[in-house]
Amino acid sequence: MANKDNTDPARMEKIVSLCKRRGFIFQSGELYGGLNGCWDMGPLGAELKNNVKDMWWRRNVQERDDILGMDGSILTHQAVLTASGHVGGFSDPMCDCLLTKARLRADQIEPQSGTAYHFTGAKHEESGWSVDREYSVLLNKPNQDENKARKTAREFYAQFLSDKQISPKKLELLGESTTEETDVTNYNPDNGSLLTEPREFELMFKTTVGASADDNDPNAVAYLRPETAQSIFVQYKNVMDSNRIKLPCGIAQIGKSFRNEINPRNFTFRSREFEQMEIEFFCHPDDGMRLTDEWLETRLQWYEEVGIPREKLHILDVPDGERAHYSKKTYDIEYEFPFGIQELEGVAYRTDYDLGKHQEKSGKKLEYLDEETKERFVPHVVEPSAGCDRTVLALICEAFDEENLAQEGEKPDVRTVLHFSPKVAPVKACVLPLLKKNEEQVRIARELQKELQQWMVAQYDDGGAVGRRYRRQDEIGTPFCITVDFETLGEEGEDLKDTVTIRERDSMEQTRLSLTEVLPYLLKQIR
RNA sequence: GCGGGUGUAGCUCAGGGGUAGAGCGCAACCUUGCCAAGGUUGAUGUCGUGAGUUCGAAUCUCAUCACCCGCUCCA
């Protein structure tokens, strides 16, 4: 593993390029120029992602008695998201600086006091162009200087004159007045420039339901869910009522969520459409903090199992003030991506905030009765919420490697290899006849592939030299290559008849197995 | 959203107002008894998209889309 150097600035580009070249991940709508923040899984990406989801579902749902699965709709009743606070509450109003175009969160602007200089417009002396628009500059005590305000105003008006050559100095301000302002938040603290009115930014995708639906009918408005969690909370009672299950217990869901991210970045890391793997684990209020810690550990073990070493995972104990308002405790599980340490999963203790809100807004009781203690309460919830696409990206980044196999003094021989765990690798095995011209080898190889395909993704390849075929499989992370050779045919003695070599991707070492042992050998390693 | 950069074959990139290029990859055949880069032949491009300038635009101009870097944002 020669080049796991995360500091290589070209590393991410190589990964993106490999993903496209070998069919892991394509840009959505590429044929038409691409759709910002959306990505398609190619054949290998789809396998890899399915394997990740399968590992998660098996460990968290099928192998546990205390968690049930569900699969909620993506289109979401707007009342659900009003109750949860997603409608209205979370789209922060933003202001733009009229001068620098900087975007500021309206609620984070420090209130200021000072003298406001108001301008009604400006005219260019030479060309006669005029800009009829009001503008103001606020200067606080130590900086109060009329000329400074004029200078800022000239810069502002100069933006609207089509000829960029025009110096702002030749602008004539049409009218001025001043007022004293106290504790105002509509000026940019950095330069005193007036800001735009605060504007709501809709971070959810809105749509309408019904054949003749129109935007003005509030009943027709629906949203693409911004998280899978809400459908779990909303169905909590139905799930509990239809299953004999007691607290502490959870509901798990894998599915797509949608957020109109202002700025999608870093390949698939921040996308507008993404898949989540979420558990809402319900419990007595006394157990919330303890279970949060337990879930953190459970989840860390899962990441290790799918192939991310513990030392590449960072735990961020999100401090007071940075957590979501409803959360009493949040751990972020982060991974060292080539572009920085970034979040894979949040394990959040959400208290009874969600069920409490839905109980309040729907008017339906969402309490739990403990039969033993006769205690009645709204369950608290611990939420391990994992990003599926982020996990897939982390697995690819972690697996990607360029090894130099050349001895000292030789020309470099670079082997590109994806060191996926056999559990998540998109292709588990490839069967190769040593010589494609040998009909018997081809027949046996094809038969073996057919047998393996009943259980796993297994390819067949007879193109070119066998070494090249091994390298091709390395590049897509196939952990095992099985070669049918002359020994298999019995040409090297009866002992070796019906045996094949199995070549392990990471060590490149080969061992010999009888044909009947191949399937059980592989099955043991891929689950 | 702002600023900077990039966009030419599947990938990496060169070129440049007048016939579209290389390496790798891919396909076919030959060769090949176990770790790429052997031989022969071949296919593939709206030069990101749209307008403008021009006799002529892949090349110049503008707009737009996408990606990358920095800032901003991330319930």
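Below, read A as the first sequence line, B as the second, and so on, with proteins coming before strands; counting in each chain starts at 1. Keep in mind the model is a prediction, meaning the values are calculated, not measured.
What separates CD of A/E491 from C1' of B/G33 is a distance of 10 Å, to the nearest Å. Distance, A/N266 CG to B/C73 C1': 14 Å, rounded to whole Å. The CZ atom of A/R469 sits 16 Å away from the C1' atom of B/A37 (whole-angstrom rounding). The CG-C1' distance, from A/N188 to B/C2, rounds to 13 Å in whole Å. The interatomic distance linking A/E475 (CD) with B/C24 (P) rounds to 15 Å, in whole Å. With rounding to whole Å, A/D40 atom CG is found 13 Å from B/C67 atom P. Protein atom CZ of A/F337 is 17 Å distant from nucleotide atom C1' of B/C68, rounded to whole Å. Between the CH2 atom of A/W39 and the C1' atom of B/C68 there is a distance of 11 Å, rounded to whole Å.
With a 6.0 Å cutoff to the six-membered ring centre and a 45° limit on the axis angle, A/R446 counts as a cation-pi contact of A/Y460.
Within the 4.0 angstrom heavy-atom criterion, base atoms lie near A/T483. In this structure, A/D485 reaches the bases: a heavy-atom distance under 4.0 Å links it to at least one base atom across the strands shown. Across all strands, A/E492 comes closer than 4.0 Å to base atoms (heavy-atom distances). Contacts of A/Y32 with the nucleic acid, taken as non-hydrogen atoms under 4.0 Å apart, are absent. A/R265 comes within 4.0 angstrom of a base, heavy atoms only. No contact: A/R415 has no heavy atom under 4.0 Å from any strand. Backbone-only engagement by A/G37 is indicated by non-hydrogen atom pairs under 4.0 Å involving sugar-phosphate atoms exclusively. Using a 4.0 Å heavy-atom cutoff across all strands shown, A/Q510 reaches at least one base atom of the nucleic acid.
Looking at A/E487 and A/K497, no side-chain N of the basic residue comes within less than 4.0 Å of a carboxylate O on the acidic one, giving no salt bridge. A salt bridge does not link A/E261 to A/R272: none of the charged nitrogens lies less than 4.0 Å from a carboxylate oxygen. A salt bridge links A/E383 with A/R350: the distance from a Lys NZ or Arg NE/NH1/NH2 to an Asp or Glu carboxylate oxygen falls below 4.0 Å.
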Going through the distances and angles, do A/V427 and A/L44 end up as a side-chain contact (heavy atoms from CB on, under 4.5 Å)? CA-CA 8 Å; A/V427 178; A/L44 295 177; 3.7 Å; yes
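A donor-acceptor contact under 3.5 Å is not formed by the side chain of A/R503 with the base of B/C34.
Side-chain N/O atoms of A/R472 include none lying less than 4.0 angstrom from OP1 or OP2 on B/C24. Contact between the side-chain N/O atoms of A/N36 and the OP1/OP2 oxygens of B/C65 is not found at any separation under 4.0 Å. Note on A/N260: every side-chain N or O is 4.0 Å or more away from OP1 and OP2 of B/C74. Checking the phosphate oxygens (OP1, OP2) of B/U32, no side-chain nitrogen or oxygen of A/K436 falls inside 4.0 Å. Residue A/K437 has no polar side-chain atom (N or O) positioned under 4.0 Å from OP1 or OP2 of B/U32.
Aromatic rings from A/Y331 and A/W295 are positioned such that their centres are separated by 6.0 Å or more.
For the C1' atoms, the distance linking B/G23 with B/A37 amounts to 11 Å, nearest Å. With both ends at atom P, the span from B/A57 to B/G52 equals 11 Å, rounded to whole Å. Rounded to whole Å, the separation between the P atoms of B/A63 and B/G25 comes to 41 Å. Atom P of B/U31 sits at a distance of 15 Å from the matching atom of B/U40, rounded to the whole Å. Taking the P atom of each, B/G50 and B/A9 are spaced 16 Å apart, rounded to whole Å. Nucleotides B/U12 and B/C26 have their P atoms positioned 16 Å apart, rounded to a whole Å. Going from the P atom of B/U6 to that of B/U61 covers 12 Å, rounded to whole Å. Only the P atoms considered, B/C60 is 15 Å distant from B/A14, to the nearest whole Å.
In this structure, A/Y470 does not pack face-to-face on the six-membered ring of B/A36, missing the 5.5 Å centre cutoff or the 30° plane limit.
Stems are defined here as 3 or more consecutive Watson-Crick or G-U wobble pairs with pairing distances under 3.5 Å; those involving RNA chain B are B:1-7 with B:65-71, B:10-13 with B:21-24, B:26-30 with B:38-42, B:48-52 with B:60-64.
Candidate nucleotides B/C34, B/U32, B/C67 were compared by shortest atom distance to the side chain of A/Q27, and B/C67 ranks first. The A/R471 side chain lies nearest to B/C35 when the options are B/C69, B/C34, B/C35. Listed nucleotides: B/C67, B/C71, B/C74. Nearest to the side chain of A/N263: B/C71. Counting only heavy atoms from C-beta on, A/R468 has its side chain closest to B/A37 among B/C67, B/U12, B/A37. With B/G33, B/C11, B/C34 as the candidates, the nucleotide lying closest to the side chain of A/R21 is B/C11.
Using the six-membered ring where Trp is involved, A/F337 and A/Y335 have ring planes that are perpendicular, over 60° apart on the 30 and 60° scheme. Ring geometry, A/F24 versus A/F420: the interplanar angle falls from 30° to 60°, so the pair is classed tilted. Using a 30° and 60° split on the angle between ring planes, A/Y349 and A/H380 fall in the tilted class, from 30° to 60°.
The 5' end of RNA chain B is approached more closely, in terms of each residue's nearest nucleotide, by A/V414 than by the other of A/F267 and A/V414. Each of A/M204 and A/R512 lies near RNA chain B, and the nucleotide nearest A/R512 is the one positioned closer to the 5' end.
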Let me have the donor-acceptor pairs involving side chains of residues 251-259 of chain A, under 3.5 Å, with sequence neighbours excluded, atom names and distances please.
| unit_1 | atom_1 | unit_2 | atom_2 | d |
| --- | --- | --- | --- | --- |
| A/Q253 | OE1 | A/G72 | N | 2.5 |
| A/Q253 | OE1 | A/R225 | NH1 | 3.1 |
| A/Q253 | NE2 | A/T228 | O | 3.0 |
| A/Q253 | NE2 | A/S231 | OG | 3.0 |
| A/K256 | NZ | A/E273 | OE2 | 2.8 |
| A/S257 | OG | A/T228 | N | 3.4 |
| A/S257 | OG | A/Q276 | OE1 | 2.8 |
| A/R259 | NE | A/P226 | O | 2.9 |
| A/R259 | NH2 | A/P226 | O | 3.1 |

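Checked against salt bridge (Lys or Arg N to Asp or Glu O under 4.0 Å), A/E345 has the following partners two or more places apart in sequence or in another chain: A/R299.
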